[in-house]
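Side chains are part of it too, since the values below use all heavy atoms of this structure and drop only hydrogens, waters and symmetry mates. Start at 1 with the first residue, then count along the sequence. Counting convention: from 1, in listed order, for ligands and their atoms alike.
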Amino acid sequence: MVLAEHYTLSNGVEIPKLGLGTWMIEDDKVAEAVRSAVAIGYRHIDTAAIYKNEAEVGAAIAKSGIPRDELYITTKLWNARQTDAHTAMRESLDKLQLDRVDLYLIHWPTPEKDTYVGAWLDLEEIQAQGLATSIGVSNFMPEHLDKLVAQSSVVPAINQIEIHPTLQQRDAVAANEKFGIVTESWSPLGRGKADDLTSPAVTEIAAAVGKTPAQVVLRWHVQKGYVVFPKSSRRERLEENMRIFDFSLTDDQLAAIDGLEAGTRVGPDPRTFN
Ligand code: NDP
């Protein structure tokens, strides 16, 4: 069994560098994907209220037999619940069959609604009550982080943003680093829509190091210091994606992948998504 390495968050808590993303895994496949992932060695699962699979994820981890303290479970507050975070958190915990999550994130800033600072103050209370070990945000751009940090007392531990070779969001990463926030990359493989796995820079490195393009791209993320949770419901890909801790990319190989930045989003723009 392969286990992921860890980063340490600003509050001293460890987070596995790699987990399983569960968005858009078909309803009937979520439980099997979580079961397979845990059997392979995954200990970190990323879900969200809006994925509508917290109950399936919770049932699968309850059945896994893995001690709770060895698992790292993230869920997220959906946009429509930013003024109702305490109730939304209770609902998520009930579905997950947990008395705490490891990480609770505000899913999107939805700047037009301007309710994220109030939601964050509720997350601070949720953390103080022991319902979330760490709290953080997702899709927060530098101006959203500046406002949040100026108007609250806890700095987010994590900012989960879209990152893959063709969309690197360097300004957002720099803002995270300024505040000591660990970056998580969502859609780390570009969801298969962009050129992330097929560009010659990636395929040539893959051939040189004897790994697959997906493994090279995931390794690039972790060497940049980012957490990744690629989504797959196929067992062979779950195994492939976990085997990224037994090789390293050189500085030149990292720079070649850095050179793929093209501003290609696969998801919404956080500055306009409401
Ligand atoms: P990913 O970049 O993880 O790509 C998933 C796609 O890549 C699927 O089509 C999968 O196919 C395929 N794939 C997986 N492994 C491999 C491999 N080894 N080789 C080739 N193809 C592969 O995209 P996601 O959008 O799913 O992002 C990952 C996670 O990030 C989500 O599941 C979710 O947890 C989170 N997320 C968070 C968001 C946010 O706003 N905070 C937004 C979007 C995602 P198959 O399943 O057939 O194997």
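In Trp108, the part holding a heavy atom less than 4.0 Å from any atom of ligand 1 is the side chain. Neither the backbone nor the side chain of Leu105 has any atom closer than 4.0 Å to an atom of ligand 1 (non-hydrogen atoms only). Residue contacts with ligand 1, taken as heavy atom pairs separated by less than 4.0 Å, involve Ser187 via backbone and side-chain atoms alike. Looking at Arg191 against ligand 1, both its backbone and its side chain come within 4.0 Å, counting heavy atoms. When non-hydrogen atoms are compared, ligand 1 lies under 4.0 Å from the backbone of Pro188 as well as from its side chain.
Of the protein's non-hydrogen atoms, the one nearest atom 32 (O) of ligand 1 is Trp23 N, 3.0 Å. The protein heavy atom nearest to atom 2 (O) of ligand 1 is Leu189 N, 2.8 Å. The nearest protein atom to atom 28 (C) of ligand 1, hydrogens excluded, is given as Phe229 O, 3.3 Å; this is a heavy-atom distance. In terms of protein heavy-atom proximity, atom 14 (C) of ligand 1 is nearest to Lys231 O, 3.1 Å. Of the protein's non-hydrogen atoms, the one nearest atom 43 (C) of ligand 1 is Trp186 CE3, 3.2 Å. Ranking protein heavy atoms by distance to atom 34 (O) of ligand 1, first place goes to Asp46 OD2, 2.7 Å. When hydrogens are left out, the protein atom nearest atom 33 (C) of ligand 1 is Tyr51 OH, 3.4 Å; that is the closest non-hydrogen contact. Counting only heavy atoms of the protein, atom 48 (O) of ligand 1 lies nearest to Ser232 OG, 2.5 Å.
Comparing Leu20, Thr47, Thr212, Asn241 against atom 18 (N) of ligand 1, the shortest heavy-atom distance belongs to Asn241. Scanning Met24, Glu239, Lys29, Arg237 for the heavy atom closest to atom 22 (C) of ligand 1 points to Arg237.
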Carefully, step by step, assess Asp196 and Thr166 under the rule side chain to side chain donor-acceptor pair (under 3.5 Å). CA-CA 6 Å; Asp196 297 277; Thr166 59; 3.2 Å; yes

Would Asn159 and Thr183 count as a side chain to side chain donor-acceptor pair (under 3.5 Å) here? Give the steps. CA-CA 5 Å; Asn159 187 11; Thr183 299; over 6 Å; no

Derivation and outcome, side chain to side chain contact (heavy atoms under 4.5 Å, CB included), residues Ile244 and Glu5: CA-CA 10 Å; Ile244 60 165; Glu5 295 171 359; over 6 Å; no

Evaluate Asp122 against Gln82 for side chain to side chain donor-acceptor pair (under 3.5 Å), listing each step before the verdict. CA-CA 9 Å; Asp122 286 347; Gln82 282 191 3; over 6 Å; no

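The Ser233 neighbourhood of ligand 1 comprises atoms 46 (O), with distances under 4.0 Å to a heavy atom of that residue. Atoms of ligand 1 found under 4.0 Å from any heavy atom of Gly190 (numbered from 1 in listed order, with element): 2 (O). Short contacts between ligand 1 and His107, defined as distances under 4.0 Å to a heavy atom of the residue, involve ligand atoms 39 (C), 40 (O), 41 (N). The contact set between ligand 1 and Ala214, taken as ligand atoms under 4.0 Å from a residue heavy atom, comprises 17 (C), 18 (N), 19 (N). For ligand 1, the atoms sitting less than 4.0 Å from at least one non-hydrogen atom of Thr22 are 32 (O), 34 (O), numbered in the order shown with element in parentheses. Near Gln160, the atoms of ligand 1 lying under 4.0 angstrom from a non-hydrogen atom of the residue are 37 (C), 38 (C), 39 (C), 41 (N).
Considering backbone and side-chain N/O of Lys76, none are found under 3.5 Å from N/O of ligand 1.
Residue pairs meeting the salt bridge (charged side-chain N to carboxylate O under 4.0 Å, His left out) criterion with at least one member in residues 219-233, sequence neighbours excluded, are Lys224-Asp258.
A side chain to side chain contact (heavy atoms under 4.5 Å, CB included) with Thr47 holds for exactly one of Glu54, Lys95, Lys52; it is Glu54. Exactly one of Leu123, Thr75, Leu77 qualifies for a side chain to side chain contact (heavy atoms under 4.5 Å, CB included) with Met89. That residue is Thr75.
For the atom pair CD1 of Ile163 and OG of Ser187, the computed distance is 11.0 Å after rounding to the nearest 0.5 Å.
By the salt bridge (Lys or Arg N to Asp or Glu O under 4.0 Å) test, Lys178 pairs with Asp146, sequence neighbours left out.
His221 places a side-chain N or O within donor-acceptor distance of the main-chain N or O of Pro188, the cut-off being under 3.5 Å.
Ring pair Tyr42/Phe229: centre-to-centre distance not below 6.0 Å.
Relative to the ring axis of Tyr226, Lys17 does not place its NZ or CZ within 45° and under 6.0 Å from the centre.
Aromatic ring orientation, Tyr51 versus Trp23: tilted (interplanar angle from 30° to 60°).
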